[in-house]
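A short write-up of the structure that comes next.
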There are 2 protein chains.
Amino acid sequence: MSQKQKKLPLYIQIKNKLVSNIKDGTWKPGVSIPSESRLIEQYNVSRTTIRQAIREMVQDGILETSRGAPAKVKEIPEESVGNPGIVHHEIGTEMSVIILRMEKSRTHYSAKHHLSLPETAEVFFMERLRTADGIPIAIQRSFFPVEAGETIEQAAEKEFDLFPALGERGIYHTNIKEHVSAANATQEEADLLGMAPGEALITIERTTLGIDAAPIEYSMTKYTPKAFNYTIELE
Amino acid sequence: MSQKQKKLPLYIQIKNKLVSNIKDGTWKPGVSIPSESRLIEQYNVSRTTIRQAIREMVQDGILETSRGAPAKVKEIPEESVGNPGIVHHEIGTEMSVIILRMEKSRTHYSAKHHLSLPETAEVFFMERLRTADGIPIAIQRSFFPVEAGETIEQAAEKEFDLFPALGERGIYHTNIKEHVSAANATQEEADLLGMAPGEALITIERTTLGIDAAPIEYSMTKYTPKAFNYTIELE
DNA sequence: AAAGATTTGTTCGTATGTATG
DNA sequence: TCATACATACGAACAAATCTT
């Protein structure tokens with residue numbers, strides 16, 4: 001049954017189709033999408049409808065428009081699909097991750113608490129070193145419920161951000177709570193990050209809630225101050 | 001001559017008029033504005049134009065719409081200072097501020113840029129030392145358009161947060177953008193904060209937009225890492 | 001470099017569906 | 001119940017910027 005689909009406004013349906021074309025790579029960033037007139041023919045709807053769909057996508061930061069030229073897929077529409085209101089990234093062009101540890105663990109009681117798990121539970125623990133242009137910029141310790149472990153294990157080596165992989169497996173996040181503070185580098189952290197022990201690190205603790213409001217990730221990331229970059233936008 | 005005004009699209013002109021009605025208190029928060037049909041008569045334009053003006057204002061967070069009921073002016077209550085979705089505070093029980101400098105200035109070009117002011121403009125500049133339990137924890141440099149200067153000057157000595165005072169004078173903010181990074185303390189900052197030069201400070205740059213989407217404040221605050229505490233919650 | 005075709009931006013008019021009061 | 005008001009959707013025309021020839 002596509003009863004619900006029928007209920008959606010036409011312009012939303014069109015928008016969804018256009019977004020799909022971008023997501024699956026049919027229309028790539030920086031390239032123009034078909035003109036309004038072509039879309040009108042293709043979907044057999046009025047110009048109003050097409051324009052409303054495009055307008056929303058512009059507002060969402062997916063498309064860019066300018067008079068006289070077809071809309072372009074915006075470069076770097078990365079987070080725009082994911083987290084409205086926040087841009088959060090490190091500095092650098094060549095970002096990568098090195099996995100230091102990845103294991104199931106029965107300790108890490110603090111993490112269990114953040115994940116709302118009983119003390120006897122097992123958690124999936126991962127420690128990764130994030131680098132930018134080959135220079136270490138952060139140490140990230142992530143904790144997941146063991147159920148998510150297999151998915152994580154497969155995606156961890158390649159993906160810089162794990163949530164898209166989780167999303168493909170039906171694990172979505174609805175709420176993220178981050179806590180920013182500062183800490184001094186331990187000897188081990190200082191060695192990994194190429195700094196002196198005791199120097200200040202920016203620490204972000206993050207708890208991610210799933211669609212059922214249950215925590216699906218708790219992570220603590222310690223950044224070198226120079227490499228840290230964080231922008232928050234609120235209304 | 002208002003030649004340029006004439007050049008503005010009709011829906012922008014209408015939007016400006018509607019915004020004026022809200023700014024000068026003709027339409028107060030929580031109250032419905034006239035229906036579309038009434039506005040159509042009043043300004044003698046088409047429904048499309050009215051709707052486009054209203055749509056922009058909804059997007060700017062000035063109006064709220066719902067089917068079957070006229071648009072309402074959005075409430076901008078006290079919590080706008082508290083910002084939904086964000087908790088942001090320093091540690092300590094006895095918080096206070098010490099004003100270091102307060103002046104009009106023609107320099108500070110970076111600040112002018114953030115305030116969308118021309119390079120020849122004058123800005124109101126204020127530097128304050130924030131303390132917790134008598135211990136310095138942050139240096140805050142704030143920039144405002146000179147128009148807001150008098151209000152600021154009166155409130156600055158007593159108020160820890162300036163926005164309530166601004167709100168009482170009809171200056172509301174609708175959008176805040178914060179950028180978190182890190183910097184090393186200069187000699188002067190180190191002296192003020194009782195730390196060593198070169199030590200890491202957490203820096204928050206903040207741009208606050210007013211009801212008409214024009215910047216009303218730009219500030220840069222540098223915190224000692226230990227005293228900093230920041231929690232973000234997103235959906 | 002100039003002219004013409006294409007494309008988006010703006011504005012009008014009209015009609016129907018659907019939620020509010 | 002029922003009139004009012006907003007949301008969605010169609011069509012048409014001209015202006016202004018861009019692209020192509």
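The sequence lines fix the lettering, A, B, ..., with proteins before strands; numbering per chain opens at 1.
Rounded to a whole Å, the CG atom of A:Leu10 is 12 Å from the P atom of D:dG11. A straight line from CZ of A:Arg67 to P of C:dT8 spans 12 Å, rounded to a whole angstrom. Atoms CD1 (A:Ile14) and C1' (D:dC10) sit 14 Å apart, rounded to a whole Å. Nucleotide C:dA19 holds its C1' atom 14 Å from the CD atom of B:Glu36, rounded to whole Å. The CD-P distance, from A:Glu64 to C:dG9, rounds to 12 Å in whole Å. Across the protein-nucleic acid pair, A:Leu39 atom CG and C:dT6 atom C1' stand 14 Å apart, rounded to whole Å. At whole-Å resolution of the value, NZ in A:Lys15 and C1' in D:dT8 are 15 Å apart. Rounded to a whole Å, the CG atom of A:Leu63 is 11 Å from the P atom of C:dT8.
Remark: B:Ile12 engages B:Leu8, B:Pro9, B:Asn16, B:Glu56 in a side chain to side chain contact (heavy atoms under 4.5 Å, CB included) (not counting sequence neighbours). Taking A:Ser46 as the reference, A:Thr48, A:Thr49 meet the side chain to side chain contact (heavy atoms under 4.5 Å, CB included) condition, with sequence neighbours excluded. Applying the salt bridge (Lys or Arg N to Asp or Glu O under 4.0 Å) rule to B:Arg47 yields the partners B:Glu36; only residues at least two apart in sequence or on another chain are considered. Partners of B:Phe143 by ring pair (Phe, Tyr, Trp, His ring centres under 6.0 Å), not counting sequence neighbours, listed by chain and number: B:His108, B:Phe125, B:Tyr218. The salt bridge (Lys or Arg N to Asp or Glu O under 4.0 Å) test applied to B:Glu127 returns B:Arg101, B:Arg141, not counting sequence neighbours.
With a 4.5 Å cut-off on side-chain heavy atoms, A:Ile139 and A:Thr221 do not count as touching. Side-chain contact check for A:Lys15 versus A:Met57: some heavy-atom pair is nearer than 4.5 Å.
Across C:dT11, D:dA17, C:dT7, the shortest atom-to-atom separation from the side chain of B:Pro9 is found for C:dT11. The side chain of A:Ser35 approaches C:dT8 more closely than any other nucleotide in the set C:dT8, D:dT18, D:dC6. Nearest nucleotide to the side chain of A:Tyr11, out of D:dA9, D:dC19, C:dG9: D:dA9.
Comparing A:Pro70 and B:Ser66 along DNA chain D, the residue whose closest nucleotide (by nearest heavy atom) sits nearer the 5' end is B:Ser66.
Using a 4.0 Å cutoff on non-hydrogen atoms, the parts of residues 44-57 of chain A near DNA chain C are A:Arg47, A:Arg51, ordered by number.
For B:Thr65, a side-chain nitrogen or oxygen approaches OP1 or OP2 of D:dA7 to under 4.0 Å.
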